[in-house]
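Note that ligands are numbered from 1 as they come in the structure, with each ligand's atoms numbered from 1 the same way. As the structure is a prediction and not an experimental result, all values here were calculated from the model. Only heavy atoms go into these numbers, but all of them, side chains included; no hydrogens, no water, no symmetry mates.
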Amino acid sequence: KPAEGTLEWLVAQGFLPAYFGGIEARLRDLRSGMLPAPAADGTGALPLGGGTDLLVQRPGTVKASAVELLYDRSALKTISMEGDVIRIGAAVTVTQLLESRLLQAHFPQLAAHGRLISSTPIRNMATVGGNLVNASPIGDLTIFLLALDAQLLLNNMGSTRTVALKDFYKGYKQLDKAPGELIEAILFVPPAHFSFEKVSKRTHLDIASVNSAAQVVTNSEGRITAAHLSAGGVGPFPKYLARTAGFLTGRRLSAEVLQAAITVMQEEISPISDARGTAEYKRLLLRQLFLAHFSGIDAAPVHQILSL
Ligand SMILES: Cc1cc2nc3c(=O)[nH]c(=O)nc-3n(C[C@H](O)[C@H](O)[C@H](O)COP(=O)(O)OP(=O)(O)OC[C@H]3O[C@@H](n4cnc5c(N)ncnc54)[C@H](O)[C@@H]3O)c2cc1C
């Protein structure tokens with residue numbers, strides 16, 4: 001290939017599609033605000049993170065809209081510890097999460113969890129904010145953060161408020177978020193014990209049939225002093241298992257308690273049959289993932305249940 005005009009040559013030879021030739025100019029236009037201006041109050045601009053959901057689902061809308069590019073915004077790209085709270089900027093990518101020394105220190109299984117999320121090119125682009133706002137019932141980062149009992153810092157033209165992630169989802173793709181409001185950061189206290197599980201039709205490069213995460217704290221007597229659990233693929237939006245967590249809190253970990261908690265959990269989910277499995281199968285999957293969370297805390301009661 002020629003040293004000069006390589007891109008044009010690659011397009012002319014058919015190695016790249018013709019629209020590649022226009023990408024540089026389009027990016028320049030985007031950055032210099034040549035595209036349709038957002039409404040004066042900012043609500044007309046479409047926030048764009050890595051585009052791995054938006055550009056797939058609504059490419060025409062993105063093309064026709066003013067967009068607010070968040071991916072490169074440095075203020076949204078940091079991961080830091082503030083007091084006893086971890087703060088993740090909304091435009092932090094999955095790759096950044098996985099490479100963060102701070103997060104690696106608090107999540108020993110982080111690399112293994114990360115391998116279950118999409119692929120390297122997608123992880124390089126996919127942002128945390130995008131995962132949360134896309135509101136897929138099986139969004140991996142969303143399920144992860146729900147069990148961390150994370151708080152969202154929302155920013156609407158400089159006016160900020162905080163909302164618990166577990167209160168952010170109101171229905172299928174319905175959020176407690178005003179038009180024009182951006183997620184600025186995600187905040188949570190690092191967990192003492194954390195577990196994330198995901199089952200897909202394929203182990204890698206696939207979205208979940210069911211995914212789940214748990215943060216459970218037990219005291220020296222084996223009593224559960226705090227529990228936060230989440231589940232994806234078992235309802236119209238990413239589910240914080242409030243009733244199950246409430247049932248577990250204060251109880252001593254045992255086979256009977258886990259069995260009873262599973263009954264509560266089955267009552268608070270509403271999976272449907274679809275391409276990823278029947279409703280019955282998803283219920284069974286979540287039961288198994290729930291037990292997997294607890295096998296890392298105390299394997300004996302879990303084995304007792306599994307041997308019944
Ligand atoms: C091939 C492929 C594989 C995938 N695999 C997985 C997977 O295994 N697990 C998984 O969970 N997901 C997966 N996804 C989905 C996607 O990659 C993630 O949901 C990703 O985190 C979305 O982030 P983004 O930055 O690309 O979002 P974008 O597409 O840029 O935006 C998504 C939505 O969020 C809004 N938005 C973005 N940032 C903000 C913000 N800060 N404030 C307010 N609104 C905002 C946008 O307006 C849009 O509505 C996959 C996608 C593809 C294409």
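Under the 4.5 Å side-chain criterion, counting only non-hydrogen atoms from C-beta, Phe196 is not in contact with His293. You'll find the side chain of Arg73 reaches within 4.5 Å of the side chain of Glu68, heavy atoms only. Counting only heavy atoms from C-beta outward, the side chains of Leu175 and Val133 approach each other to under 4.5 Å. No side-chain heavy atom of Leu205 sits less than 4.5 Å from a side-chain heavy atom of Arg115. Counting heavy atoms from C-beta on, the side chains of Phe144 and Phe107 come closer than 4.5 Å. Side-chain contact between Pro2 and Glu4: absent, with no pair of heavy atoms (C-beta onward) separated by less than 4.5 Å. Leu248 places a side-chain heavy atom less than 4.5 Å from the side chain of Leu229.
Within the set Val56, Leu54, Leu46, the minimum heavy-atom distance to atom 29 (O) of ligand 1 is found for Leu54. Of the candidates Gly130, Ala45, Ser136, Gly130 brings a heavy atom nearest to atom 31 (O) of ligand 1. For atom 7 (C) of ligand 1, the candidate residues are Val133, Thr52, Asp140; the nearest heavy-atom contact is made by Asp140.
Annotation: atom 4 (C) of ligand 1 to nearest protein heavy atom, Ser118 CB, 3.6 Å. Annotation: atom 12 (N) of ligand 1 to nearest protein heavy atom, Asn131 ND2, 3.8 Å. Looking only at protein heavy atoms, the nearest one to atom 13 (C) of ligand 1 is Ile207 CG2, 4.3 Å. Closest to atom 42 (N) of ligand 1 among all protein heavy atoms lies Ile183 N, 2.9 Å. Annotation: atom 47 (O) of ligand 1 to nearest protein heavy atom, Pro47 O, 2.5 Å. Ranking protein heavy atoms by distance to atom 52 (C) of ligand 1, first place goes to Ile122 CD1, 3.9 Å. Of the protein's non-hydrogen atoms, Gly51 N, 3.5 Å is the one closest to atom 28 (P) of ligand 1. Scanning the protein heavy atoms around atom 14 (N) of ligand 1, the nearest turns out to be Asp53 OD1, 4.5 Å.
Judged purely by distance below 3.5 Å, without hydrogens or angles, the side chains of Glu184 and Asn155 pair a donor atom with an acceptor atom. There is a side-chain donor-acceptor pair under 3.5 Å between Thr142 and Asn131.
Taking Gln57 as the reference, Asn134 meet the side chain to side chain donor-acceptor pair (under 3.5 Å) condition, with sequence neighbours excluded.
Between Leu48 and ligand 1, not a single N/O pair is under 3.5 Å apart.
Assignment of Asp206 to the shell around ligand 1 is supported, since a heavy atom sits closer than 4.0 Å. Put simply, part of Lys198 is less than 4.0 Å from ligand 1, judged by heavy atoms.
Residue His204 does not touch ligand 1, judged by heavy-atom distances below 4.0 Å. The part of Leu70 lying near ligand 1 is the side chain, judged by heavy-atom distances below 4.0 Å. Counting heavy atoms under 4.0 Å from ligand 1, residue Ala90 touches it through the side chain alone.
For ligand 1 and Gly139, the ligand atoms under 4.0 Å from any heavy atom of the residue are 11 (O). Listed by number with element, the atoms of ligand 1 under 4.0 angstrom from any heavy atom of Ile117 are 8 (O), 9 (N). If you number the atoms of ligand 1 from 1 as listed, the ones under 4.0 Å from a heavy atom of Gly50 come out as 24 (P), 25 (O), 26 (O), 30 (O).
Nearest approach of Thr225 to Thr249, heavy atoms of both residues: O-CG2, 3.7 Å.
Other members of the cluster containing Ile272 do not exist, because no ILVMFWY side chain is joined to it at under 4.5 Å.
Between the side chain of Ser212 and the backbone N or O of Ser230, at least one donor-acceptor pair lies under 3.5 Å.
Distance screen at 4.0 Å: atom 24 (P) of ligand 1 has a protein heavy-atom neighbour inside the cut-off.
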